[in-house]
Amino acid sequence: MLKLPNKDIKRFWSKVKKTRGCWEWIGTLDSSNYGQMSVNGKLILAHRISYKLFYEKLLNKLCVLHKCDNSKCVNPRDRKSVV
């Protein structure tokens, strides 16, 4: 289960640039151009962290997909989740 201490939540938001539609990740990217951040020593995709912050629930097998087709976007409202 992903637990986010306040220091990590603040660090997450310091790496997000909000625009009208996309919230662009300006931190570290993986080889597929997705944002990523280390939490408790584990690399987590930034859009999954954002989804967790807004919807409180993130299942290990849940896929969080882009509607906007921008791999750097972490706006949870531009996502849909499927199992």
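Heavy-atom basis, side chains included; hydrogens, waters and symmetry copies ignored. Just so it is clear, the model here is predicted, and its values are computed rather than measured.
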- Could you walk me through whether F54 and W23 pass ring-ring contact (aromatic ring centres under 6.0 Å, His included), step by step? CA-CA 13 Å; F54 277 81; W23 297 357; 5.6 Å; yes
- Message: Going by side-chain contact (heavy atoms from CB on, under 4.5 Å), name the residues that satisfy it together with I9, two or more places apart in sequence or in a different chain.
- Response: L4, N6, W13, L53
- Message: Using every non-hydrogen atom in the two residues, find where Y34 and S71 come nearest and quote the distance to one decimal.
- Response: CD2-O, 3.4 Å
- Measure the shortest side-chain to side-chain distance between I49 and V39 over non-hydrogen atoms and say whether it is less than 4.5 angstrom. yes
- Gap between atom CG of N70 and atom CD of E24 - 0.5 Å precision: 4.5 Å
- Query: Can M37 and L43 be said to form a side chain to side chain contact (heavy atoms under 4.5 Å, CB included), step by step?
  - Reply: CA-CA 5 Å; M37 188 174 108; L43 285 176; over 6 Å; no
- Message: When you measure from the side chain of S14 to the backbone of R11, do you find a donor-acceptor pair of N or O atoms at a distance under 3.5 Å?
- Response: yes
- Task: List the atom of D8, the atom of S38, and the distance in Å for their closest heavy-atom pair.
- Result: OD1-O, 4.5 Å
- How far apart are the closest heavy atoms of N75 and G21, and which atoms are they? ND2-O, 2.8 Å
- Query: Does a side-chain heavy-atom distance below 4.5 Å link K72 with L29?
  - Reply: yes
- Query: Between F12 and A46, what is the shortest heavy-atom contact and its length?
  - Reply: CE1-O, 3.5 Å
